[in-house]
Amino acid sequence: MISIYILTYNEELDIAACIESAMLSDDIIVVDSFSSDRTAEIASLYPVRFVQHAFESHGRQRTWMLESIPPKYEWVYILEADERMTPELFAECVAATKDPNFNSYYVAEKVMFMNRWIRYSTQYPRYQLRLFRHGKVWFDDYGHTEREVCEGVTGFLKENYPHYTCSKGLSRWIEKHNRYSTDEARETLHQLENGKVNWLNLFFGKSEVEKRRALKDLSLRLPGRPLLRFLYMYFFLGGCLDGRAGLAWCTLQTFYEYLILLKAWEMKHLPTPELETKVLVGEGQLK
């Protein structure tokens, strides 16, 4: 058996289906960032542990969760509200925990958008760390999301998990990615100033994760990133084979990339409102 953590914030549209998919486990822990909708009310209808903690960042929320809420079992799985556990994946997870040579496993996401699987333009199989021994994995912040730090050997599972990335509607998706783009812009500037491209991993990385991270570091340094991303996703990866949904998905990702680029330029060349206010106060222009 494994324990399942579910991360939530204003997830009233997804939380019931997510919990029901996870009920293959008898230890489900919902970690909520003080939702203002019916998330808590709906979660209370199920046999889960419900804990609230103020959100600081994705990495810190996961770290707090793992340090503060002990799971019932040694192995844990992290599930987000717009994702689903499947019986096939759960069975593979349980089987994987019996191998003493591994401490963690990556699982591929299956992006669902406009009622279909976006097979090609999402770089499938695109892996995320989901299953691990408690106490053997930590998380750091990276851009709008997090990156894991793993102790010991990491493996890859064959089964995937459905990710309903736009389940709350396009307006919510745009609002969320507007916030994400600010964090990504900061990370872009940081990487351009302090990071470098790992060419060895780019061409000879041992896993999809290593190659994808090296490719992202390279993409930050390329001119015309939004256009290049569209061409890469739609033609090179085969997003044109994903039909109308694939075209919409690639267009949205191009818009997101352009937003990051614009915000990075703004952060570098224009004073922030806070900085501008301090300057004016120092010059005696504000009372």
Side-chain angles (χ1 to χ4, degrees), residues 4-23 28 30-46 48 50 52 54-58 61-62 78-86 89 107-124 126 128 130 143-146 160-185 226 229-230 233-234 237 239-263:
I4 298 179
Y5 290 101
I6 301 177
L7 294 157
T8 62
Y9 178 68
N10 287 347
E11 304 289 356
E12 63 180 7
L13 297 179
D14 278 315
I15 188 59
C18 182
I19 291 176
E20 288 174 9
S21 76
M23 288 183 67
I28 301 173
V30 177
V31 183
D32 182 69
S33 302
F34 289 98
S35 294
S36 58
D37 64 358
R38 297 178 58 243
T39 298
E41 176 188 344
I42 296 171
S44 69
L45 302 175
Y46 295 91
V48 303
F50 186 84
Q52 291 186 305
F55 183 85
E56 296 180 71
S57 67
H58 289 276
Q61 188 76 345
R62 283 163 171 73
I78 293 182
L79 190 65
E80 298 195 7
D82 58 357
E83 301 169 355
R84 303 290 180 266
M85 174 61 72
T86 68
L89 174 57
V107 187
E109 65 172 340
K110 188 175 181 180
V111 174
M112 308 299 294
F113 178 69
M114 292 179 67
N115 295 325
R116 67 169 292 168
W117 174 26
I118 307 299
R119 167 68 176 84
Y120 298 98
S121 49
T122 53
Q123 293 180 290
Y124 182 86
R126 182 184 171 105
Q128 306 290 342
R130 285 291 185 262
H144 80 272
T145 181
E146 75 287 332
N160 53 45
Y161 63 90
H163 182 190
Y164 296 89
T165 183
C166 205
S167 59
K168 301 171 190 65
L170 189 57
S171 294
R172 176 76 177 266
W173 188 94
I174 293 173
E175 174 191 345
K176 180 171 66 174
H177 282 75
N178 180 42
R179 298 195 312 272
Y180 288 174
S181 63
T182 301
D183 294 331
E184 288 292 333
R229 182 166 187 176
F230 180 84
M233 294 175 64
Y234 197 67
L237 292 180
C240 53
L241 302 176
D242 287 321
R244 181 182 179 184
L247 176 59
W249 180 258
C250 292
T251 302
L252 285 173
Q253 296 301 319
T254 301
F255 162 73
Y256 177 50
E257 193 71 46
Y258 189 49
L259 200 57
I260 295 171
L261 202 63
L262 288 175
K263 289 187 177 183

Interatomic distance, [X] atom [atom1] to [Y] atom [atom2] [nearest 0.5 angstrom]:
{"X": "Thr165", "Y": "Glu83", "atom1": "OG1", "atom2": "CD", "value": "9.5 Å"}
{"X": "Leu13", "Y": "Thr39", "atom1": "CG", "atom2": "OG1", "value": "8.5 Å"}
{"X": "His177", "Y": "Trp173", "atom1": "NE2", "atom2": "CH2", "value": "4.0 Å"}
{"X": "Glu184", "Y": "Leu261", "atom1": "CD", "atom2": "CG", "value": "12.5 Å"}
{"X": "Ser35", "Y": "Ile15", "atom1": "OG", "atom2": "CD1", "value": "8.5 Å"}
{"X": "Cys250", "Y": "Arg229", "atom1": "SG", "atom2": "CZ", "value": "9.0 Å"}

If I compare all heavy atoms of [X] with all of [Y], which pair ends up nearest, and what's the gap?
{"X": "Pro226", "Y": "Thr254", "result": "O-CG2, 3.3 Å"}
{"X": "Ala81", "Y": "Cys18", "result": "O-CB, 3.5 Å"}
{"X": "Ala54", "Y": "Phe34", "result": "N-CE1, 3.4 Å"}
{"X": "Ala22", "Y": "Leu79", "result": "CB-CD2, 4.1 Å"}
{"X": "Tyr9", "Y": "Arg172", "result": "O-NH2, 3.4 Å"}
{"X": "Gly239", "Y": "Ser121", "result": "CA-CB, 3.6 Å"}

pair Phe113-Leu252: side-chain heavy atoms closer than 4.5 Å:
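In short, these two side chains touch, coming nearer than 4.5 Å.
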State, yes or no, whether a side-chain contact exists between Arg116 and Trp249 at a heavy-atom distance under 4.5 Å.
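SC-SC contact between Arg116 and Trp249 ruled out.
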With a sphere of 6.0 Å drawn around [atom1] of [X], does it hold more than 12 non-hydrogen atoms of other residues, nucleotides or ligands?
{"X": "Arg179", "atom1": "CZ", "value": "yes"}
{"X": "Tyr258", "atom1": "OH", "value": "no"}
{"X": "Phe255", "atom1": "CZ", "value": "no"}

Checking the side chain of [X] only, and the main-chain atoms of [Y] only, is there a donor and an acceptor separated by less than 3.5 Å?
{"X": "Asp32", "Y": "Gln52", "result": "no"}
{"X": "Asp242", "Y": "Tyr120", "result": "yes"}
{"X": "Lys263", "Y": "Asn178", "result": "yes"}
{"X": "Ser181", "Y": "Ile260", "result": "no"}

Test Asn160 against Tyr124 for side chain to side chain contact (heavy atoms under 4.5 Å, CB included), laying out the working first.
CA-CA 10 Å; Asn160 53 45; Tyr124 182 86; 2.8 Å; yes
Run the ring-ring contact (aromatic ring centres under 6.0 Å, His included) test against Tyr164 and tell me which residues pass, sequence neighbours left out.
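Tyr164 satisfies ring-ring contact (aromatic ring centres under 6.0 Å, His included) with no other residue.
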With sequence neighbours left out, write down each residue that passes ring-ring contact (aromatic ring centres under 6.0 Å, His included) with His163, or none if nothing qualifies.
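His163 satisfies ring-ring contact (aromatic ring centres under 6.0 Å, His included) with no other residue.
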Evaluate Arg62 against Leu7 for side chain to side chain contact (heavy atoms under 4.5 Å, CB included), listing each step before the verdict.
CA-CA 9 Å; Arg62 283 163 171 73; Leu7 294 157; 3.4 Å; yes
Is there a side chain to side chain contact (heavy atoms under 4.5 Å, CB included) between Thr86 and Tyr161? Walk through the geometry before answering.
CA-CA 7 Å; Thr86 68; Tyr161 63 90; 5.7 Å; no
Pairs satisfying salt bridge (Lys or Arg N to Asp or Glu O under 4.0 Å), at least one member in residues 10-22, at least two apart:
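Those involving residues 10-22 are Glu11-Lys168, Asp14-Arg84, Asp14-Lys168.
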Applying side chain to side chain contact (heavy atoms under 4.5 Å, CB included) between Ile19 and each of Ile4, Ile6, Leu45, report the one that passes.
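Testing each of Ile4, Ile6, Leu45 against Ile19, the sole residue satisfying side chain to side chain contact (heavy atoms under 4.5 Å, CB included) is Ile6.
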